[in-house]
Peer 1: 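Just passing along the structure, written as C-alpha cells.
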Amino acid sequence: MRRSSDLSPEIAEESAWWQHAVFYQVYVRSFADSNGDGVGDLDGIRSRLGYLELLGVDALWLTPFYRSPMADHGYDVSDPRDVDPLFGDLAAFDRLVADAHEHNIRVTVDLVPNHSSNQHVWFQQALASPPGSPERARYIFREGRGYDGSQPPNNWTSVFGGPAWTQVGDGQWYLHLFAPQQPDLNWENPEVRADLEHTLKFWLDRGVDGFRIDVAHGMAKPEGLPDMELRGVHAPGVLSDDAEDPRFDNDGVHEIHRMIRKVMDQYPGTMAVGEIWVKDDERFAAYVRPDELHLGFNFRLVEAGFDADGVRSAIEHSMAAVASTGTPATWTLSNHDVVRHVTRYGDGAIGVQRARAMALVELALPGVIYLYNGEELGLPNVELPDWALQDPTWERSGRTERGRDGCRVPIPWEGGVPPFGFSTTANTWLPVPNEWDGLTAEAQLEDPGSMLSLYREALEHRKSNPGFGGDELEWYGAPPGCFAFRRKGGGLICALNTSGASVPLPPGRVLLSSGPMDGDQLPPDTAVWLV
Ligand code: GLC
C-alpha cells in the first residue's frame, strides 16, 4: 500500500509536486556508511536525513541498491526486487522511506530496464539452455558473422569500450551495450515487459514516490541490428547522443514508456524521469509526451562550458525541447557519470568560484532541479591512483579511460581525517583525499561563506520568494561574455559574468550573489540574483 500518508497532509495532497521539486541524487555507495564496511548504505542515508532537510531538498533519487554482483556498482542488477546485503535489506528500505516522509522528503529510486546482471537467474538459465530456446529469447542472442560465426553479429561497441558482443560456449553471441556482465534484455519479449511491471508495482507498493529510468533511450533495438558508424566521437557523459547511432533512441522505445506510464497512473502522485541522452529537441520531446515519462533529464547544461553564450544556448534548448509538451525542464550540473563541475570549470579556486556562479544560474531557472550529492559542498573530481580505480571503463578501455570513479568519492561529513565521518573504517571503497578536511559538511554548515551556505540560502529563496514565479524567461541585452534573464512571472533577475572584466549590474536589489560585488559592478566568474 502507498504510504504517502506519512508525509504531512499539505505536502501529501499535492500530486504534481515533482513539477517544481529540487531532487538530490544520492550515490548510495558513497553517501554514508552505517555499518563500517567502507561502503555507503540505506541506514547511512537515513542517518543523514536531518542534513538533507536542512539543505532544503524535496526528494531523493537513490542510485541502484538492488541485488547485484556490482560489476557496474549496482547498474548490473541480479534481483530488482530485493536489496543487496551490502546496502541493507527490505526492512532498512522501508525504514528509510518512512523516515524520509516524516522529514517531508520524497524518495525516488533508480530502475535499470535496459539490461540485467549476467548473474540474474534469467541469464543463468539462458546460458544453460540451447540456442533458440525461450530462455535465450529474454536476451539478445545471435549467431556470429564469418563462415564459422567467429565474428560478432554486428560492429556495435560497448559504451564502456570494446565490442558490444560476447560469445558463449556454443558459439552464439549476446549483446551488451555496457559491460559483458550487463546483458541487454530483449524488449520484444512480453515476459520482459511483465517483469518490469512487477518491479514497478513492487516498489510503488512499498511507498516510493517515483523512479529514475536508467538508459531510458535504450531498450528498443532497431530491426536487423544494423552496423553503426564508427567515428569515435564521445560526449563527455557516459553516453554519446549521436542521432545516427542505431544503438539508442529507436522509435520502439516509446511504447515501453507508455507501458510504464500506465502503471504509474495507477499510483497518483508518483513520477518517472528518464535518462535521455538525446540532443535533438524534437526527439527529446517525444519522451515526455503526456502518456510517457513525466520528466526527462536534459544534459545540455552538463555539456556546456563556463561560457555565457554556451550556457544560454543550453538553457534555451532545454526549455524549447519541453515547450510543446507541458512538462517542466530539468536542470543538472553533475551526476555520477560525469566529471564534477568544479573541475570542469577549471578546478581549484577558480573552479569553485565558477561553480558558485553556476549554482545560482541553475537555481534561478524554472522547472526541476537535480543536485548531485557533494556538489553542495563544492567537491572537485578526484585524481585517483591507478590501484584505486574500479569503474569498468578503466579495464574495458585497455586502461586508457580512467572512468567515473573520480566523481564518486565518499562524502566528507565531519572531523579532520579521512574518511571524515563517512565510515568508521579508513578502508573506504574509494579513498577520500586528506585535503577534504576543509570541505566537510560540518566545517561548512557554520561558515556563511561556504558553498553549503550558498546552496541553503539559494534553495530557501527558491522555495519562498515570489520572484521565482512563472515558467518563462525574458533575456536582457548584456555585454559580451555575460547574460541576464528575468523570470517573467515573478520578476527575479539572474545575471552571469563569464568575461574577464567587471560589468555594470542590471537594475534591482541584490538578493544573493555567488561572490562579492565590485561596487555596482558584477565581477568576472560571478552570478547575482536581483529583485
Ligand atoms: C546509466 C548510468 C550509468 C551506468 C549505465 C549502465 O548511464 O547512469 O552509471 O553505468 O547506465 O547501466
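Start at 1 and go down the list; that is how both ligands and their atoms are numbered. Worth saying up front: this structure is predicted, and the values here are computed from it rather than measured.
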Peer 1: Who pairs with Tyr455 by ring-ring contact (aromatic ring centres under 6.0 Å, His included), at least two apart in sequence or on another chain?
Peer 2: none
Peer 1: Taking all atoms of both residues into account, what is the closest heavy-atom pair of Ser117 and Pro183, and its distance?
Peer 2: C-CD, 3.8 Å
Peer 1: Under 6.0 Å between the ring centres of Trp203 and Tyr66?
Peer 2: yes
Peer 1: Quick one: which ligand 1 atoms are inside 4.0 Å of a heavy atom on Arg404?
Peer 2: 3 (C), 4 (C), 9 (O), 10 (O)
Peer 1: Please compare Asp337, Asp391, Asp110 and report which has the shortest non-hydrogen distance to atom 9 (O) of ligand 1.
Peer 2: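 Going through Asp337, Asp391, Asp110 one by one, Asp337 has the nearest heavy atom to atom 9 (O) of ligand 1.
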Peer 1: Would you mind telling me if ligand 1 is within reach of the side chain of Arg408, the backbone, both or neither, using heavy atoms under 4.0 Å?
Peer 2: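 Side chain only; the backbone of Arg408 stays clear of ligand 1.
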Peer 1: Identify, by atom number and element, the atoms of ligand 1 in contact range of Arg212, meaning under 4.0 Å from any of its heavy atoms.
Peer 2: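 Answer, ordered by atom number: 2 (C), 8 (O).
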Peer 1: Out of Asp214, Leu177, Asn335, Val112, indicate the one that has the non-hydrogen atom closest to atom 2 (C) of ligand 1.
Peer 2: Asp214
Peer 1: Testing Val26, Asp110, Asn373 one by one against Trp61 for a side chain to side chain contact (heavy atoms under 4.5 Å, CB included), which residue passes?
Peer 2: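 In the set Val26, Asp110, Asn373, the residue that makes a side chain to side chain contact (heavy atoms under 4.5 Å, CB included) with Trp61 is Asp110.
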Peer 1: Below 4.0 Å from ligand 1: does a non-hydrogen atom of Phe160 turn up there or not?
Peer 2: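 Yes, that is the case, since the closest heavy atom of the residue is under 4.0 Å from the ligand.
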Peer 1: Find out whether the Lys NZ or Arg CZ of Arg193 is both under 6.0 angstrom from the six-membered ring centre of Trp187 and within 45° of the ring's axis.
Peer 2: no
Peer 1: Checking Phe87 now: which residues fulfil ring-ring contact (aromatic ring centres under 6.0 Å, His included) with it, not counting sequence neighbours?
Peer 2: none
Peer 1: Which of the numbered atoms in ligand 1 are below 4.0 angstrom from a heavy atom of His115?
Peer 2: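 Atoms satisfying the 4.0 Å criterion: 6 (C), 12 (O).
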